[in-house]
Amino acid sequence: MTAHPTAPRSRRERPAKPALTREGIIATTVDLMRAEGLERVTMRRLAKELDTGPASLYVYVRNMAELHAAVLDELLGAVDLSPVKADGEWRDRLGRILTSYTSVLFEYPGLAQSALVARPFGKHYLKLVEALLALLDEGGLEPDRAAWLLDLLLQFATATAAEHAHRAPGDTPQSEADWQALATVVRDVSPRTHPHIAALGPRLLSGSPQDRLAWGFDVLIAGARHTPLPEAPAPSPVVDTGGTRSTRGTESARGTAGTRATRSTRGTAGTRD
């Protein structure tokens, strides 16, 4: 008998593809990021995973920046906010939440770097901001100072995580050899040309990352308590959806994005992995 070739399968017999949704796109992005790293997640790669075309994704997210912000917000759901209602000194509880936030970013190196410029605005981000502001209010900080301090605290935490983020899978930005090279330079520097570095020596590199992070939070809080804001801070100009210019208050509530994050958390005295 002559074998008959297999008849082509009708499209009607194929299982229907799940409908595209914003939530599904974000969930798939998170899965890909965990499996392959954020650097590998492109619109083309994501579209292939979802069995669709890249153009279809732009119906739900405008660009990669918005997608990264949405992914960041999704992962912020893992931040431990329970200290808000726990017993204990407010400053310690604030530090526990900020440390939990930093730890989440440490788990996703690419996301930590992206978080410096991301603009999250989802439910988990709002819960984080609300929790931090509640503790600052409990600590008696003036509302205006608390609003600006929120930005600085999240910038510092985000920049710390980004500083130690893996630049590529399997790589670290500060290997043990790099660290030893830096320690050697600091130790052997000439007192004649660099007297202050020579005087401090090992103290520039002392302390655990955890202690440095906690100390940084304390410094920012203490500074905010004793540093008044500029008189009558001007509102930030923005463009609304209609294209006309309007104004709003400071952008401190966007602190998770780490806008205007400086490199002050880096340098010689940066935390050690």
For the residue pair [X] and [Y], what are the closest heavy atoms and their distance?
| X | Y | result |
| --- | --- | --- |
| Ile221 | Arg91 | CG2-NH1, 3.5 Å |
| Ala131 | Leu81 | CB-CD2, 4.0 Å |
| Asp80 | Ser100 | N-OG, 2.9 Å |
| Ser114 | His68 | OG-ND1, 3.0 Å |
| Val84 | Arg93 | O-NH1, 2.9 Å |
| Pro54 | Ala47 | N-CB, 3.5 Å |

Kindly indicate, with the supporting measurements, whether the criterion salt bridge (Lys or Arg N to Asp or Glu O under 4.0 Å) is fulfilled by Arg22 and Glu66. CA-CA 11 Å; Arg22 180 180 173 87; Glu66 182 177 315; 3.0 Å; yes
Let me check something: do [X] and [Y] share a hydrophobic cluster, defined by ILVMFWY side-chain heavy atoms less than 4.5 Å apart, either directly or through other members?
| X | Y | result |
| --- | --- | --- |
| Phe121 | Leu76 | no |
| Leu128 | Leu220 | yes |
| Leu94 | Val219 | no |
| Leu204 | Val185 | no |
| Met43 | Leu32 | yes |

Rounded to the nearest 0.5 Å, what's the gap from [atom1] on [X] to [atom2] on [Y]? Could you check?
| X | Y | atom1 | atom2 | value |
| --- | --- | --- | --- | --- |
| Leu149 | Phe156 | CG | CZ | 12.0 Å |
| Ser208 | Leu213 | OG | CG | 9.5 Å |
| Leu111 | Leu105 | CG | CG | 6.0 Å |
| Ser56 | Leu46 | OG | CG | 11.0 Å |
| Leu20 | Leu50 | CG | CG | 6.0 Å |
| Ile97 | Leu153 | CD1 | CG | 11.5 Å |

Quick one: side-chain contact (heavy atoms from CB on, under 4.5 Å) partners of Val189, sequence neighbours excluded? His194, Ile197, Ala198
Taking the side chain as C-beta and beyond, is there a heavy-atom pair between [X] and [Y] under 4.5 Å?
| X | Y | value |
| --- | --- | --- |
| Leu150 | Leu154 | yes |
| Leu98 | Leu132 | yes |
| Asp92 | Glu89 | yes |
| Pro209 | Phe106 | no |

Run the salt bridge (charged side-chain N to carboxylate O under 4.0 Å, His left out) test against Glu142 and tell me which residues pass, sequence neighbours left out. Arg145
Full working for side chain to side chain contact (heavy atoms under 4.5 Å, CB included) between Ile26 and Tyr60: CA-CA 10 Å; Ile26 294 170; Tyr60 302 91; over 6 Å; no
Given the rule in the side chain to side chain contact (heavy atoms under 4.5 Å, CB included) test, do Arg40 and Met33 qualify, once you have shown the distances and angles that lead to the verdict? CA-CA 7 Å; Arg40 301 287 184 88; Met33 181 185 67; over 6 Å; no
Tell me which one of Leu38, Ile25, Val71, Val41 satisfies side-chain contact (heavy atoms from CB on, under 4.5 Å) with Val30. Val71
Residues Arg44, Glu49: salt bridge by 4.0 Å N-O rule: no
With a 3.5 Å cut-off and no angle check, do the side chains of Thr158 and Tyr101 form a donor-acceptor pair? yes
Give the intermediate values and the outcome of side chain to side chain contact (heavy atoms under 4.5 Å, CB included) for residues Thr99 and Phe217. CA-CA 10 Å; Thr99 300; Phe217 293 145; 4.3 Å; yes
